[in-house]
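Lettering of chains follows the sequences in order, A, B, ..., and the numbering in each one begins at 1.
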2 protein chains.
Amino acid sequence: MTTDNSNSSSTEFSDPIDAVRPDDLRLEKFLPYRLSVLSNRVSNAIADAYSARFDLTIPAWRVMAILGRFPNLSAADLVEQTAMDKVAISRAVSILIKNDYITRSEDLADRRRQVLNLSPLGRDVYDRIVPLAQQYENDLMGSLSAEERGQLDSIIEKLMTRAQDWANRGLID
Amino acid sequence: MTTDNSNSSSTEFSDPIDAVRPDDLRLEKFLPYRLSVLSNRVSNAIADAYSARFDLTIPAWRVMAILGRFPNLSAADLVEQTAMDKVAISRAVSILIKNDYITRSEDLADRRRQVLNLSPLGRDVYDRIVPLAQQYENDLMGSLSAEERGQLDSIIEKLMTRAQDWANRGLID
DNA sequence: TAAAATTGGTTTCAATTGTAACCACTGCTG
DNA sequence: CAGCAGTGGTTACAATTGAAACCAATTTTA
């Protein structure tokens, strides 16, 4: 019920704002901008929560989130799973090891690889951080209807694919 | 259906998380994570385009986007319009002045303020950048149906509001 | 009307992040 | 096998970003 001002999607300007040049860009309606603001707000809030309670950065938390589900991964495996790059992983891992949240052991079969796992302490933290994360997620999702949640899911998927295409081939024009 | 019976506002944690291990968290379904990945992909692609063609960073571009629509703003006005902070604005402005994309003049009424405007060159660049930005936006939106575009608009609005609430009051728990 | 507090904006310094170079090891090719 | 390309991971260094201190002009207030 709160939702509607009329259909705000299309591009009609009957603006009161006199003499708006036809091709001005309205930043506040520009999707890349809005995504960026939204994502930053969300990430900052969560980053604060994690760092205050567990002394964890977001990259480090991501690594833990993956290791909690999938034991015995290497750094390279983490790169695959997290959309983070090698360097970020390497730094996150070294922090986590310093905190005794994860353990690192050599892979005997391939002495370049290191097998990573949550330590008992790390598992502990993981078990406490996951509900916190879920709380944030639920709170966020709680502002949407069940229907909207479904829509959002599929919309993000589509946008993600398109943006990925850009990275691969660039914007075609 | 799944996620809520608790009205999102309330503060009840009656969770029997005593002996029960929390569910694993699936990072790839976690909204904050997905937003972050999506936003980064989009921003990076666009940042590359801008910097390659106009030697502009995203913050600088944002400042131009606003000044193109609203002349005679001060840095403080820009802070209001862009969700960027003072420092970022100050840096963007100084780059833009160095490039001769904008002009800065003293406000006689208040000698702390500086009135900013696009220079003729800046207006020129603006007129070329806006269509490029719109092309990206259209391409992104092109992956959605008209209906989805409307849904996305209102969903973002809601999420934005919720995330803003966090910033103000923190997650209530 | 002289402090004191506020506002506009910049500078400084530390922390974060990205890029490239790098070392150690593996695996292939000849 | 020797040599060389590729992989796993870290290090070094530059660029970006954020937080706090700061200067100058303005407003408040006692």
Side-chain angles (χ1 to χ4, degrees), chain A residues 36-37 39-41 43-48 50-52 55-63 66-67 72-99 102-117 167, chain B residues 36-37 39-41 43-48 50-52 55-63 66-67 72-99 102-117 167:
Chain A
S36 162
V37 173
S39 168
N40 286 338
R41 275 191 196 168
S43 291
N44 290 338
I46 296 185
D48 288 351
Y50 293 168
S51 79
D55 192 30
L56 277 184
T57 62
I58 292 226
W61 141 249
R62 285 183 184 170
V63 166
I66 297 293
L67 285 179
N72 297 316
L73 297 188
S74 68
D77 297 331
L78 288 171
V79 168
E80 261 191 62
Q81 301 278 329
T82 56
M84 296 162 60
D85 73 47
K86 306 164 85 162
V87 178
I89 294 285
S90 170
R91 297 200 252 240
V93 163
S94 89
I95 288 174
L96 289 170
I97 288 182
K98 202 173 326 179
N99 292 359
I102 68 175
T103 63
R104 170 160 58 185
S105 55
E106 295 225 330
D107 181 339
L108 302 173
D110 180 343
R111 287 181 18 255
R112 293 167 305 183
R113 294 182 104 239
Q114 321 186 131
V115 181
L116 304 171
N117 276 293
Chain B
S36 160
V37 172
S39 168
N40 285 339
R41 276 191 194 168
S43 290
N44 289 338
I46 295 185
D48 287 352
Y50 292 169
S51 79
D55 191 30
L56 278 183
T57 63
I58 291 224
W61 141 249
R62 285 182 184 170
V63 167
I66 298 293
L67 285 179
N72 298 316
L73 298 187
S74 69
D77 298 330
L78 288 170
V79 168
E80 262 191 61
Q81 299 279 328
T82 56
M84 297 162 58
D85 72 46
K86 305 165 88 165
V87 179
I89 295 284
S90 169
R91 297 201 252 243
V93 163
S94 90
I95 290 175
L96 288 170
I97 287 181
K98 202 173 327 179
N99 292 359
I102 69 175
T103 63
R104 170 160 57 185
S105 53
E106 294 223 331
D107 182 338
L108 302 174
D110 182 341
R111 285 175 26 253
R112 293 168 306 183
R113 296 180 101 240
Q114 323 186 129
V115 181
L116 304 170
N117 276 293

Side-chain heavy atoms of B/Leu56 within contact of B/Ile95, under 4.5 Å: no

Heavy-atom distance under 4.5 Å between the side chains of B/Ile102 and B/Ile97, does that happen here? yes

Expressed in angstrom and rounded to an integer, what is the separation of B/Asp110 atom CG from C/dT7 atom C1'? 8 Å

Using only modelled atom types and a 3.5 angstrom limit, is any donor from either the side chain of A/Arg112 or the base of C/dT26 paired with an acceptor on the other? no

Ranking B/Arg91 and A/Pro59 by the position along DNA chain C of their nearest nucleotide, the one closer to 5' is B/Arg91

CD1 of B/Ile97 versus C1' of C/dT10: gap in Å, rounded? 12 Å

Report the distance from atom CD of B/Gln114 to atom C1' of C/dT10, rounded to the nearest whole Å. 9 Å

From CD1 of A/Ile95 over to P of C/dA15, roughly how many Å is that when rounded to an integer? 12 Å

Applying a 4.0 Å non-hydrogen cut-off, can you work out what B/Thr57 is touching in the nucleic acid: base, sugar-phosphate, or nothing? nothing

Under a 4.0 Å N-O cut-off, is there an ion pair linking B/Lys98 with B/Asp55? no

For A/Val37 and B/Ala83, which heavy atoms make the closest approach, and how far apart are they? CG2-CB, 4.1 Å

Whole-Å distance between C/dG9 C1' and B/Ile102 CD1? 13 Å

Derivation of the side-chain contact (heavy atoms from CB on, under 4.5 Å) call for A/Asn117 and A/Asn72: CA-CA 6 Å; A/Asn117 276 293; A/Asn72 297 316; 2.7 Å; yes

Length of the line joining A/Leu56:CG and C/dA15:P, which is rounded to integer Å: 18 Å

Footprint ends on DNA chain D, 5' to 3', for atoms under 4.0 angstrom from a heavy atom of chain A, come out as D/dG6 to D/dA12

Rounded to the nearest angstrom, tell me the gap between atom CG in A/Asp55 and atom P in C/dT16. 10 Å

Could you check A/Val115 against B/Arg111 and say which one's nearest nucleotide on DNA chain D is further toward the 5' end? A/Val115

Earlier contact from the 5' end, DNA chain C, for A/Ala109 and A/Lys86: A/Lys86

Reckon B/Ser74 touches a base, only the sugar-phosphate, or nothing at all at heavy-atom distances under 4.0 Å? sugar-phosphate

Side chains of B/Thr82 and B/Arg62 only: does a donor on one sit below 3.5 Å from an acceptor on the other? no

Give the rounded distance in Å between these two atoms: CG of B/Leu116 and P of C/dG8. 13 Å

Does the side chain of B/Ser43 pick up a donor-acceptor pair with the side chain of B/Asn40 at under 3.5 Å? no

Is any N or O donor-acceptor pair between the side chain of B/Arg104 and the base of C/dG9 shorter than 3.5 Å? no

Looking for any heavy atom pair under 4.0 Å, which part of the strands does A/Val87 touch: base, sugar-phosphate only, or nothing? base

